[in-house]
**Student:** 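Provided herewith is a single structure, encoded as structure tokens, for subsequent inquiry.
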Amino acid sequence: MAPAAIAGTLVVALFLAFLVVMVLEAMGDKANEIDDTRAMSAAQTALTSVRRRLSGTLEDNAVWREAFIALQSQNRKEWMWTNWGSISADYQLYDGVAVTDPEGRLIASYFKGTEFDAVAAFGDTFVRQARAAAEPDKPPITNVFKIHESVAIVGSRALQPDRNMPPGGRYNVVTMFKLLTPAMVDSVASDYFLPDLHLAVTRPPGELSLPLTSIDGDTLAYLAWPGRNLGTRLYDEVRPALTGALVALGILLATAVFAGYAELQSLRRLALAADREATRDPLSGLLNRKGMIRALQAHLGNARESAGLTLHLIDLDGFKAVNDTWGHLVGDELIGAVAARLVTCHPRLEFAARFGGDEFALASRPGTDPAEVAEAVLLALKQPFHVAGHTTEVGASVGYATHAPEMDTFELIRRADMALYGAKEAGRGQCIAFTPEMDRDREVVAELEEQLRETLDRGELSVAFQPVVSSENGAVAGVEALARWSPPQGPVSPDVFIPLAEKSGLIFQLGQIVLERSISFAKARPGIDIAVNVSPTQLCSPDFADSVAATLAAEAFDPRRLILEVTEGVLFDSPLQARRAIDALRAMGIRFALDDFGTGYASIGTLNHFTFDRLKLDRSLVQGLDSERGRALLNATVSLAEALGIPVIVEGVETPEQAGHLRQLGCQFMQGYYFGKPMSAEDFDSLPGRMARAG
Ligand code: C2E
Ligand code: CA
Ligand code: CA
């Protein structure tokens, strides 16, 4: 879970919990309100019903013929005492009765079984009410009075014989009192479900109340009762459960958040480890290519820091030989040792990386002299390594480029790579800085390659032939075919376009053209051998032998007249492939010459291993003839060839002196400007004394 998701969940959960509490509280309040309203209307109804009951009693006593008549008589007071006063002592329907004349003057009044002065007790209000009720068609007037620290409902009605009295007259008035006693209030409370209903003189705070108001508008007392607060009680009742649920929710959330956080942390650690793994080279412990790119991007992203950061690319020399000779375990250990030296070779390194088999990279900090770092690398790697009981030396080539503003990571790598390429081209142990010319050179090379491709596609490559003469009689024993290329801008040396063809794969097409031209040249000139150069790339190609065989068969050319010239490098670099091709072609009768012999490091072992029909002594050996040492070297080389029993062709013979010396040494064949430069077929045919140049 991402932190944002956790926070989001938390906020939503808290919000929901808050909502639940709010809703429950609102529900409680609403329930309180509804119950209060109900209670209030119940109280009102109760009061109304008390008034109505009194009105009913009043109607029964005021519309009463017997009473009407009795009140006209002399003994009216006795009648009143008997029928009303005595009863009022303990009667359910009223507690007191007063009778007044139409002007409100008291005739008699009783309260709880005794006479009492209603006018004195209730004063003017009572008189006004009685007078107001004197008209027979007026409905009972009910009112509220204070009496004996209590409250009474009071109703007044004109005393009349029956209900059909004509309006307009004035009559005596009967007024009845009903006390709101605690017992009565209790019975109302239970009838109307108003628990704890009671009378109060002042409004009791915190309770619900209904004012009891006289017709004059004075509030005399209150009917009060405590609100049931049903909602609050309900809420209080669910609160422990709710609190429990919220606490549980909280714990659950906290656990989830904690678990999520822990998982996040472990995921983060895993991701970090995976990232480390993905950006590290396990063998050397340095960054790998991806890690290097990332590190570079991080550094270059910060413009101030990056200005002047230099990337050094390092390619080991001779690492492959260590791997091949002693095996991968030793090779791996060597890589580790190299890495260890690289990271400590200079104090101002930013990071080190390894990518590919024996390619390394260092970044040196801005303000460091990159040439100094490159030299430090070469120096560090020059010291012998002691790995797995072996002592070995590896050199290196270093190419470097310095970051400039607005240059991206890949451009920096590309430039360092160009420089490394240049360093490797320049030979072992070189360190070279990138220069813009490299890009230009590269463009030129690319253009040249394109031109060569077009030339080959059109089959326009030409072949020159250089005679090889027999030392014995000076007769031309054969020719060496040499490729020539003259694009419109002028002839290009084979030393340029042959490597170019090898790198671009054009060498197969080129070799095929040269072979075909050579065969047709030789077919037209019987009696001479034709020597054709073969590049390592060609020799190592699995179908080289078949393709040569097919060409010979197609031209019906005698394989015994063909000599293929190979260089010794390929015998070291790819001995198996070289051997397979050489064996197959020799089995067909084709002969092989070891070219440039004496320049490299061909060991006697190698020479024993491969069978050659000719050794071609390099022209540098001939050029060395003017020195004692050179002569000794040449003698030794010729003796070696003699010992191996392989005929020698000496290349680069330019003077009659050289020719004479070589003949004396017993070299069988000679080739060089002295006998003839590489030339066209026509020139070859018009060669004067083609058979007689003996020097
Ligand atoms: P290489 O096989 O050693 O060819 C001999 C080189 O020595 C030729 O250079 C030739 O012109 C030069 N040469 C011959 N006699 C003399 C002399 O008396 N003095 C001097 N200074 N040089 C002499 P070139 O033609 O420039 O060829 C250079 C290299 O290009 C060849 O060296 C060969 O390795 C390669 N090459 C040429 N043609 C082909 C080809 O058709 N296929 C392949 N694979 N390589 C070729
Ligand atoms: Ca050659
Ligand atoms: Ca040669």
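When a ligand or atom number is given, it counts from 1 through the structure's own listing order.
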**Student:** What do you reckon, does Gln466 have a nitrogen or oxygen under 3.5 Å from a nitrogen or oxygen of ligand 1?
**Tutor:**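 Looking only at distances, the answer is yes, because the N/O contact criterion of under 3.5 Å is met.
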**Student:** Does ligand 1 have an atom that lies less than 4.0 angstrom from a heavy atom of Lys616?
**Tutor:**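 Heavy atoms of Lys616 never come under 4.0 Å of ligand 1.
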**Student:** Could you work out, with side-chain contact (heavy atoms from CB on, under 4.5 Å) as the rule, every residue matching His390, not counting sequence neighbours?
**Tutor:** Trp326, Val330, Ala388
**Student:** Does one side chain, of Gln512 or Thr551, offer a donor that lies under 3.5 Å from an acceptor on the other?
**Tutor:**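 Yes.
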**Student:** For atom CZ of Arg442, is the number of surrounding heavy atoms from other residues, nucleotides or ligands below 6.0 Å larger than 12?
**Tutor:** no
**Student:** Using a strict 4.0 Å threshold on nitrogen-to-oxygen distance, state whether Glu393 and Lys382 make a salt bridge.
**Tutor:** no
**Student:** Considering only NZ, NE, NH1 and NH2 on the basic side and carboxylate oxygens on the acidic side, decide whether Arg631 and Asp626 come within less than 4.0 Å.
**Tutor:** no
**Student:** Counting only heavy atoms, tell me which of Asp495, Val534, Thr537, Val514 gets closest to atom 41 (O) of ligand 1.
**Tutor:** Val514
**Student:** Which is closest to atom 46 (C) of ligand 1 in terms of heavy atoms, Asp596, Ile507, Ile498, Val566?
**Tutor:** Ile498
**Student:** Which option wins on minimum heavy-atom distance to atom 37 (C) of ligand 1: Leu482, Leu461, Val650, Asp618?
**Tutor:** Leu482
**Student:** Can you name the atoms of ligand 1, numbered from 1 with element, that are less than 4.0 Å from a heavy atom of Glu480?
**Tutor:** 2 (O), 4 (O)
**Student:** Would Gln451 and Gln489 count as having a side-chain donor-acceptor pair, cut-off 3.5 Å?
**Tutor:**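 Gln489 and Gln451 do have a side-chain donor-acceptor pair below 3.5 Å.
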**Student:** Between Glu651, Glu502, Arg619, flag the one that comes closest to atom 12 (C) of ligand 1 by a heavy atom.
**Tutor:** Arg619
**Student:** Against heavy atoms of Pro678, which atoms of ligand 1 measure under 4.0 Å?
**Tutor:** 11 (O)
**Student:** Within the 3.5 Å criterion, strictly below it, is a donor on Ser541 or Asp543 matched to an acceptor on the partner's side chain?
**Tutor:** yes
**Student:** What atoms of ligand 1 come closer than 4.0 angstrom to any heavy atom of Arg484?
**Tutor:**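 Close to Arg484: 11 (O), 25 (O).
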**Student:** Relative to the heavy atoms of Val653, which atoms of ligand 1 are at a distance of less than 4.0 Å?
**Tutor:**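 The atoms of ligand 1 under 4.0 Å from a heavy atom of Val653 are 18 (O).
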**Student:** At the 4.0 Å heavy-atom cut-off, does Gly511 count as touching ligand 1?
**Tutor:** no
**Student:** According to ring pair (Phe, Tyr, Trp, His ring centres under 6.0 Å), does anything in residues 439-492 pair up with another residue at least two apart or in another chain? List the pairs.
**Tutor:**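 Every pair satisfying ring pair (Phe, Tyr, Trp, His ring centres under 6.0 Å) with a residue in residues 439-492: Phe465-Phe521, Trp485-Phe497.
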**Student:** To the nearest 10 degrees, how large is the angle at the Ca ion (ligand 2) between Glu565 OE1 and Glu480 OE2?
**Tutor:** 90°
**Student:** My understanding is that we take every heavy atom of each candidate and find the minimum distance to atom 38 (N) of ligand 1. Doing that for Gly652, Ser493, Ala483, Pro467, which one comes out nearest?
**Tutor:**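 The residue whose heavy atom sits nearest atom 38 (N) of ligand 1 is Ala483.
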**Student:** Ignoring hydrogens and geometry beyond distance, is a side-chain donor-acceptor pair present between Gln430 and Lys424 at under 3.5 Å?
**Tutor:** no
**Student:** Do Ser364 and His312 meet the criterion of a side-chain donor-acceptor pair at a distance under 3.5 Å?
**Tutor:** yes
**Student:** If hydrogens are left out, which of Gln538, Arg517, Glu654 has an atom nearest to atom 20 (C) of ligand 1, that is, the closest non-hydrogen atom?
**Tutor:** Glu654
**Student:** To make sure I understand the geometry: which N, O or S atom in Asp595 is closest to the Ca ion (ligand 2)?
**Tutor:**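 Sorting the N, O and S atoms of Asp595 by distance to the Ca ion (ligand 2) puts OD2 first.
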**Student:** Please tell me if the side chains of Phe544 and Leu564 come closer than 4.5 Å, counting only heavy atoms from C-beta onward.
**Tutor:** yes
**Student:** Side chain or backbone, does Tyr674 bring an N or O within less than 3.5 Å of an N or O on ligand 1?
**Tutor:**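 No; every N/O pair is 3.5 Å or more apart.
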**Student:** Compute the minimum heavy-atom distance from Lys677 to ligand 1 and say whether it is under 4.0 Å.
**Tutor:**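 No, that is not the case, since the closest heavy atom of the residue is not under 4.0 Å from the ligand.
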**Student:** Nearest to atom 33 (C) of ligand 1 by heavy atom, Val463, Leu564, Asn533: which?
**Tutor:** Asn533
